[in-house]
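I have placed the structure first, in the form of structure tokens, so that the comments after it can refer back to it.
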Amino acid sequence: MNIANFLLILANTLTLVCGQFLWKFGLESKPQPFKSLHSIINLFLSPYVISGLALYGLATVLWLFILTRVPLSVAYPIQSMAYILAVFGAFFVFGESLTLYKVLGCLFIMIGVSFIGFTSTN
């Protein structure tokens, strides 16, 4: 794994997490977003949701490019850094709890990603 490929995967992961955060903002800005068909349509017309979808589209194109350079068995586990970014991002942005078990889980993910990504010969 070279640094350029790692940075591409990191950019893809950040794009996906940002998309998720935008969706969460969109859901929080709409009271009872799944109450009726009208409220679901309004949800999908939210600038946050539309922006999140656009980021997911961009991330998909980037992911396709990454898969031409990195084996899936290496790239996909490294993308699990999204879990870590989401846990800590949710703590800082949305005020969600950050427990010892969440931190330990993130450490285990980091260890696993290190074993896979940095020991790969490709």
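Residues take their numbers from the sequence shown, with the count starting at 1. Note that this is a predicted model, so its numbers are computed, not measured.
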inquiry  = Rounded at 0.5 Å granularity, tell me how far CH2 in Trp63 sits from CG in Leu72.
reply    = 6.0 Å

request  = Using the side-chain contact (heavy atoms from CB on, under 4.5 Å) rule, take Phe44 and Ile40 through it: C-alpha gap first, then chi angles, then the decisive distance, then the call.
outcome  = CA-CA 6 Å; Phe44 278 95; Ile40 294 171; 3.9 Å; yes

note = Taking every heavy atom of Thr15 against every heavy atom of Ala59, the minimum-distance pair comes out as CG2-CB, 3.8 Å

query = Hey, quick one: are Phe21 and Phe92 part of the same hydrophobic cluster, counting side-chain heavy atoms closer than 4.5 Å, chains of contacts allowed?
reply = yes

key: Separation of Leu67 CG from Ile9 CD1 (nearest 0.5 Å)   = 8.5 Å

task = Determine the minimum heavy-atom distance between Ile109 and Ser80, stating which atoms define it.
result = CG2-OG, 3.7 Å

message = Looking at every heavy atom in both Phe6 and Ile78, which two are closest together, and how far apart are they?
response = CE1-CG2, 3.9 Å

task = Quick one: pull up CG in Leu22 and CD1 in Ile50 and give me the separation to the nearest 0.5 Å.
result = 11.5 Å

request  = Take Phe25 and Phe94 through the test ring-ring contact (aromatic ring centres under 6.0 Å, His included) and record every step on the way to the result.
outcome  = CA-CA 9 Å; Phe25 280 123; Phe94 297 111; 5.0 Å; yes

Distance (rounded to the nearest 0.5 Å) between Thr13 OG1 and Leu8 CG = 10.5 Å

request  = May I ask you to test the Leu27-Phe34 pair for a side-chain heavy-atom distance under 4.5 Å?
outcome  = yes

task = Enter the distance from Tyr56:OH to Ser51:OG here, rounded to the nearest 0.5 Å.
result = 14.0 Å

Qualifying residue, where the test is side chain to side chain contact (heavy atoms under 4.5 Å, CB included) with Leu62 and the options are Thr60, Ile66, Leu64, Leu58 = Ile66

ask   = Taking the side chain from Ser46 and the backbone from Tyr48, do they hold a donor-acceptor pair closer than 3.5 Å?
value = yes

query = If you group Ile, Leu, Val, Met, Phe, Trp and Tyr by side-chain heavy-atom gaps below 4.5 Å, do Trp23 and Phe88 land in one group?
reply = no

inquiry  = If I compare all heavy atoms of Cys18 with all of Leu55, which pair ends up nearest, and what's the gap?
reply    = CB-CD1, 3.8 Å

message = I'd like to know whether NZ of Lys102 has more than 12 heavy-atom contacts from other residues, nucleotides or ligands below 6.0 angstrom.
response = yes

inquiry  = Quick check on the hydrophobic clustering: are Leu85 and Tyr83 connected, directly or via other members, by side-chain heavy-atom contacts under 4.5 Å?
reply    = yes

query = Among the clusters formed by ILVMFWY side chains lying less than 4.5 Å apart, do Tyr76 and Leu16 turn up in the same one?
reply = no

inquiry  = Can you tell me how far apart CD (Gln79) and CG (Leu10) are? Round to the nearest 0.5 Å.
reply    = 10.5 Å

